[in-house]
Amino acid sequence: MKKIGILTSGGDAPGMNAAIRAVVRKAIFHEMEVYGIYNGYQGLMEGNIKQLGIGSVGDIIQRGGTILYSARSEAFKTEAGQEKAIEQLNKFGIEGLIVIGGDGSFQGAVKLTEKGYPCIGVPGTIDNDITGTDFTIGFDTALNTIIDAIDKIRDTATSHERTYVIEVMGRDAGDLALWAGLADGAESILIPEKPHDFDMVIDRLQKGQQRGKKHSIIVLAEGVGNGMDLGNRIQEATDMETRVTVLGHIQRGGRPTGFDRVLASRLGAKAVDLLLDGKAGRMVGIENNKLIDHDIKHILTSKHELDMDMVHLANQLSI
Ligand code: F6P
C-alpha cells in the first residue's frame with residue numbers, strides 16, 4: 001500500500017491531532033503518501049482532500065480539536081453518498097483509509113471496507129463508550145477538564161453552603177460522570193448504567209448536612225436526564241440552596257493531556273501498521289496497556305461495559 005487517507009469524524013476529541021500526526025509521520029516513515037480528508041465523510045464525498053507532508057502536522061500535538069475538521073454526515077449514510085466517496089478515493093488513488101472517531105464514524109468505515117476499501121478505526125471520543133479498548137482518545141482530557149471545573153465550583157459551593165448538580169457529557173455512557181465523581185468525591189454519581197434512587201440521593205445530602213458538610217456535589221451523566229430538573233427536584237425536596245452547572249462543550253476542547261497524546265500517538269501508528277499488514281475492517285485499541293485490534297463489526301455490535309467495581313467503590317467512599 002502506497003497511498004492512504006485519514007479523516008476525523010463525529011464529535012471532536014482532544015488528542016485527535018496527535019493521532020493525525022502519528023498517522024502521517026508513521027506512514028511517511030514507511031515511504032507512503034498520506035492524504036488528509038477534510039470535514040469527515042462529507043469532505044470525502046466532496047473531494048475535499050489534500051496531501052499531508054511531514055511539516056503539515058508540526059506543532060499540532062499539543063492542540064485540541066482536529067486540523068482536519070469534523071462533521072456528522074447524513075448523506076454519506078446513503079448508497080449514493082458512499083458511491084461518491086469511492087469515486088473520490090479512486091480519483092486520488094487512495095488505497096486504504098484511517099478513520100478517527102466514535103461508533104457512528106466506524107459504521108462508515110465498515111461500509112467502505114465492505115465495498116473493497118480497507119479501513120482501520122481509531123477510537124476518538126470523549127465519551128469512552130467504545131468496547132474493545134480501555135480508553136478512547138480524548139476521555140482523559142475531558143475528565144481532567146471536568147475535575148478542574150468541579151474543583152472551582154467546590155470553592156464557591158463551600159462559601160455559600162450550596163448543593164451543586166454538575167451535568168457532564170458522555171452521551172449514553174456514564175464513564176465521564178463516574179470517573180469525575182470518584183475523582184472529586186461527589187456525594188452521588190448518577191449514571192445511565194445503574195438506576196438511581198432519588199430518595200437515597202436526598203438521604204445522603206441530608207446526612208451530610210447533619211454532619212456539618214458545607215457543600216455537596218452531585219455529578220449527573222447527560223444520559224440520565226436533565227440537570228435543571230434534578231436541581232429543581234432537590235431544591236423542592238430539601239431546604240438546601242441548589243445550583244446547576246451544565247459543563248457542555250467546554251469538555252470537548254483544550255490541550256490534550258500527556259496520557260491522551262501518548263495514547264493517540266500509539267493508536268495512530270498502530271493503525272498504519274495494520275494497513276501495511278494488509279488488514280481491513282479493524283479497530284485499534286488498548287487493553288491492559290497493550291495495543292490490540294478487533295473486528296470493527298464486532299465492536300459495533302457489542303455493548304460498552306462500565307466498570308461496576310468502580311461504581312461500588314464510589315458509593316462506599318461517599319458515605
Ligand atoms: O460524542 C461526544 C459528545 O460530546 C457527547 O458527549 C455529546 O452528547 C455529543 O457529542 C454532543 O454533540 P454535539 O456536539 O453535536 O452537540
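When a ligand or atom number is given, it counts from 1 through the structure's own listing order. Values below: all heavy atoms of this structure, side chains included; hydrogens, waters and symmetry mates excluded. Throughout, residue positions are numbered sequentially from 1 according to the sequence presented.
The nearest protein atom to atom 3 (C) of ligand 1, hydrogens excluded, is given as R252 NH1, 3.4 Å; this is a heavy-atom distance. In terms of protein heavy-atom proximity, atom 7 (C) of ligand 1 is nearest to E222 OE2, 3.3 Å. Scanning the protein heavy atoms around atom 16 (O) of ligand 1, the nearest turns out to be H249 NE2, 3.2 Å. For atom 15 (O) of ligand 1, the nearest non-hydrogen atom of the protein is R72 NH1, 2.5 Å. Nearest protein heavy-atom contact of atom 9 (C) of ligand 1 is R171 NH2, 3.6 Å.
Screening L68, L7, I98 for a side-chain contact (heavy atoms from CB on, under 4.5 Å) with I20, the sole residue that qualifies is L68.
Taking the ring axis of Y38 as reference, the NZ or CZ atom of K50 stays within 45° of it and closer than 6.0 Å to the ring centre.
One N or O on the side chain of R204 and one on the backbone of S318 form a donor-acceptor pair closer than 3.5 Å.
Listed by first and then second residue, the ring pair (Phe, Tyr, Trp, His ring centres under 6.0 Å) pairs that reach into residues 117-142 are F135-W179, F135-F259, F139-W179, sequence neighbours excluded. A salt bridge (Lys or Arg N to Asp or Glu O under 4.0 Å) check over residues 95-106, counting only residues at least two apart or in different chains, returns nothing.
The closest approach between a heavy atom of G102 and any atom of ligand 1 is not below 4.0 Å.
For Q251, no heavy-atom contact with ligand 1 is shorter than 4.0 Å.
Ligand 1 places these atoms under 4.0 Å from at least one heavy atom of G170: 6 (O).
Closest to atom 6 (O) of ligand 1 by heavy atom, among V168, D127, D129, L176, is D127.
Backbone and side-chain nitrogen or oxygen atoms of G11 are examined, and none is located within less than 3.5 angstrom of a nitrogen or oxygen of ligand 1.
We find that K111 and E79 are not joined by a salt bridge, their nearest charged nitrogen and carboxylate oxygen being 4.0 Å or further apart.
Closest non-hydrogen pair, Q42 versus A75, comes out as OE1-CB, 4.3 Å.
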